[in-house]
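Nothing fancy with the numbering, it's 1 onward along the sequence. Since we're looking at a predicted model, the values are computed, not measured.
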Amino acid sequence: MILLVPRQSASNGWQIATPVMAVLATMVTGGLLFAIMGYDPIAAIRTIFWDPLFGPAASYSRPQLLIKAAPLILIASGLAIGFRAGIWNIGAEGQYIIGGITGAAVALAAYPSEGMWIFPAMVLAGLAGGWAWGMIPALLRNWFGASEILVSLMLVYVAQRVAAWMSFGPMRNPEGMGFPGSRNLQQYPAAANPELIPGTGAHWGVVAAAVAVLATWFLMSRHIRGFHIRAAGTAPRAARFAGVSPTTLVAFCLGLSGALAGAAGLFEVAGPAGQITDKLGTGYGFTAIIVAFLGRLHPVGILLAGLLLALTYIGGELAQLTMSLPAATVQVFQGMLLFFLLGFDLLTRFQIRRRVTA
């Protein structure tokens, strides 16, 4: 009989190994699923994980890797800080949407003016919008003890309705012949978020994601606030005795993660998406949760996990085009990845032993 024996401390070796095992298990299980559906499993896995980087269309899909990874890394960097403190922001998707709306509102209010101040003002508005949306669950938890998990998640659906209202109402393009959606910000040079280096996919959102990774590393390893966050996550009572204010920490973590998600929304609206529509939500806010945990809540791990999840987005789209795989392929892979990661995580906290019977 097999027993799970708790470890005295988490195994560092298994913490590194389990994400790799989760990815491999996802590929094997995904291949079996494709075989059951009647597709060539080897061809499907190759199309998703290999062809975007080295296949015939790699010259197009490689730049897409940074475009898809940037918002995931930016959002996950903020989420990881809260998760390390035991503060669970599940509604980054809503903060992403509101940040895109508030940032775009600055551009549309300034249209057709030109000026170098417009895009920085949009970034600040995106940060502020995401921060404000993230502070709603923070204040409700601090004042009334409400669960930030439920509140932040429910606010996603409110944000989606706000986006639909904006695209059909106040932000609808007056020159759009009655169709929903705002002006295309890519056609407004002062508000556009263009590719900085041709052929790479790198825009200002990619720069912001790199800065977020570095800033998160500094915060968690070199700043007193990072010590407070780690202490609150591992020993909440001891952290309170040490003078750490739980209410301050909740407001800081939810506000910061909301601000970064809002910035990601702004960079997407001013760049790849181009406009406010009723389909503004892309699922990045939810996928970033997987990125944060797959990256072990560590900045470097989040960077690598963001690139991997971006690869599944691009590979899934490529598989739809070349193999007619269902559109839900990406969601299935991401769900499997989280499932296996949580399952293998047992190995970091427990040892598997065989019970010896007399």
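Expressed to the nearest 0.5 Å, how far CG of L150 lies from CD1 of I90 amounts to 10.0 Å. To the nearest 0.5 Å, atom OG1 of residue T312 and atom CZ of residue F49 are 6.5 Å apart. Atom CG of residue L266 and atom CD1 of residue I101 lie 11.5 Å apart, to the nearest 0.5 angstrom. Note that CZ of F344 is 9.0 Å distant from CZ of F339, once rounded to the nearest 0.5 Å. Taking CG of L338 as the start and CZ of F333 as the end, the distance is 15.0 Å to the nearest 0.5 Å. Atoms CD1 and CG, from I290 and L341 in turn, are 9.0 Å apart once rounded to the nearest 0.5 Å.
The local environment of CD1 in I42 is sparse, with at most 12 non-hydrogen atoms from other residues, nucleotides or ligands closer than 6.0 Å. The number of heavy atoms from other shown groups lying within 6.0 Å of CH2 (W88) is above 12. Residue L196 places its CG atom among more than 12 non-hydrogen atoms of other residues, nucleotides or ligands, all under 6.0 Å distant.
Considering only heavy atoms from C-beta on, R141 stays 4.5 Å or farther from V151 through its side chain. Put simply, the side chain of N173 does not reach to within 4.5 Å of the side chain of Q275, judged on heavy atoms. Taking 4.5 Å as the limit, every side-chain heavy atom of D51 sits out of range of all side-chain heavy atoms of T322. A 4.5 Å side-chain heavy-atom check between R222 and W217 finds at least one atom pair inside the cut-off. With a 4.5 Å cut-off on side-chain heavy atoms, F340 and M21 do not count as touching. Inter-residue side-chain proximity for V23 and L337 is flagged as met; some heavy-atom pair is nearer than 4.5 Å. Between S61 and L318, the closest side-chain pair of non-hydrogen atoms is not below 4.5 Å. D345 places a side-chain heavy atom less than 4.5 Å from the side chain of R296.
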Requested in this report: Give the C-alpha distance, both sets of side-chain angles, the deciding distance and a yes or no for side-chain contact (heavy atoms from CB on, under 4.5 Å) between V162 and I97.
Outcome: CA-CA 9 Å; V162 171; I97 293 171; over 6 Å; no
Requested in this report: Before giving the answer on side-chain contact (heavy atoms from CB on, under 4.5 Å), spell out for W204 and V123 the whole-Å C-alpha distance, their side-chain angles and the decisive distance to 0.1 Å.
Outcome: CA-CA 10 Å; W204 284 112; V123 175; over 6 Å; no
Query raised in the report: Does the pair N193 and M122 meet the rule for a side-chain contact (heavy atoms from CB on, under 4.5 Å), with working shown?
Result: CA-CA 11 Å; N193 179 26; M122 292 168 60; over 6 Å; no
**Report entry** Y284 vs E268, side-chain contact (heavy atoms from CB on, under 4.5 Å): CA-CA, chis, key distance, verdict
**Finding:** CA-CA 11 Å; Y284 284 146; E268 190 73 11; 4.0 Å; yes
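For the pair I98 and G129, the tightest heavy-atom approach, listed with the atom from each and the gap, is CG2-O, 3.6 Å. Nearest heavy atom pair, residue I276 against residue A163, reads CG2-O, 4.3 Å. S257 and N89 get closest at one heavy-atom pair: OG-ND2, 2.9 Å. For the residue pair R172 and P180, the shortest heavy atom distance occurs at CD-CA, 4.0 Å. For G100 against V269, the heavy-atom pair with the smallest separation is CA-CG2, 3.8 Å. Counting all heavy atoms, side chain and backbone alike, Q15 lies closest to T348 at N-CG2, 3.7 Å.
With E93 contributing its side chain and G285 its backbone, the two residues share a donor-acceptor pair below 3.5 Å. A donor-acceptor pair under 3.5 Å is formed between the side chain of T102 and the backbone N or O of G99. Checked by atom type and distance alone, the side chain of Q320 never pairs as donor or acceptor with a backbone atom of L325 at under 3.5 Å. Side-chain atoms of E195 come within 3.5 Å of backbone atoms of G201 as a donor-acceptor pair (strictly under, hydrogens ignored). Proximity of a side-chain donor or acceptor of E148 to a complementary backbone N or O of A138 within less than 3.5 Å is not detected.
Taken together through direct or relayed side-chain contacts under 4.5 Å among Ile, Leu, Val, Met, Phe, Trp and Tyr, W165 and L108 form part of one hydrophobic cluster. Using a 4.5 Å cut-off between side-chain heavy atoms of Ile, Leu, Val, Met, Phe, Trp and Tyr, with links allowed through other members, L308 and V300 fall into different hydrophobic clusters. A continuous path of hydrophobic side-chain contacts links F119 to W117 [ILVMFWY only; heavy atoms under 4.5 Å]. L294 is connected to L307 through a chain of hydrophobic side-chain contacts under 4.5 Å among Ile, Leu, Val, Met, Phe, Trp and Tyr, so both are in one cluster. No single ILVMFWY cluster, assembled from side-chain heavy atoms under 4.5 Å apart, contains both M336 and V28.
By the side chain to side chain contact (heavy atoms under 4.5 Å, CB included) test, L139 pairs with M135, W143, sequence neighbours left out.
Between Y39 and F34, the angle of the ring planes goes over 60°, which puts this pair in the perpendicular group of the 30/60° scheme. Relative ring orientation between Y188 and Y111 is described as perpendicular, the plane-to-plane angle rising above 60° on a 0-90° scale split at 30° and 60°.
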Donor-acceptor list for residues 64-79 side chains, cut-off 3.5 Å, not counting sequence neighbours:
{"from": "K68", "atom 1": "NZ", "to": "E317", "atom 2": "OE2", "distance (Å)": "3.4"}
{"from": "S77", "atom 1": "OG", "to": "I73", "atom 2": "O", "distance (Å)": "2.7"}

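The hydrophobic cluster containing F227, built from Ile/Leu/Val/Met/Phe/Trp/Tyr side-chain heavy atoms closer than 4.5 Å, also comprises I224.
Relative to the ring axis of F252, R225 places its NZ or CZ within 45° and under 6.0 Å from the centre.
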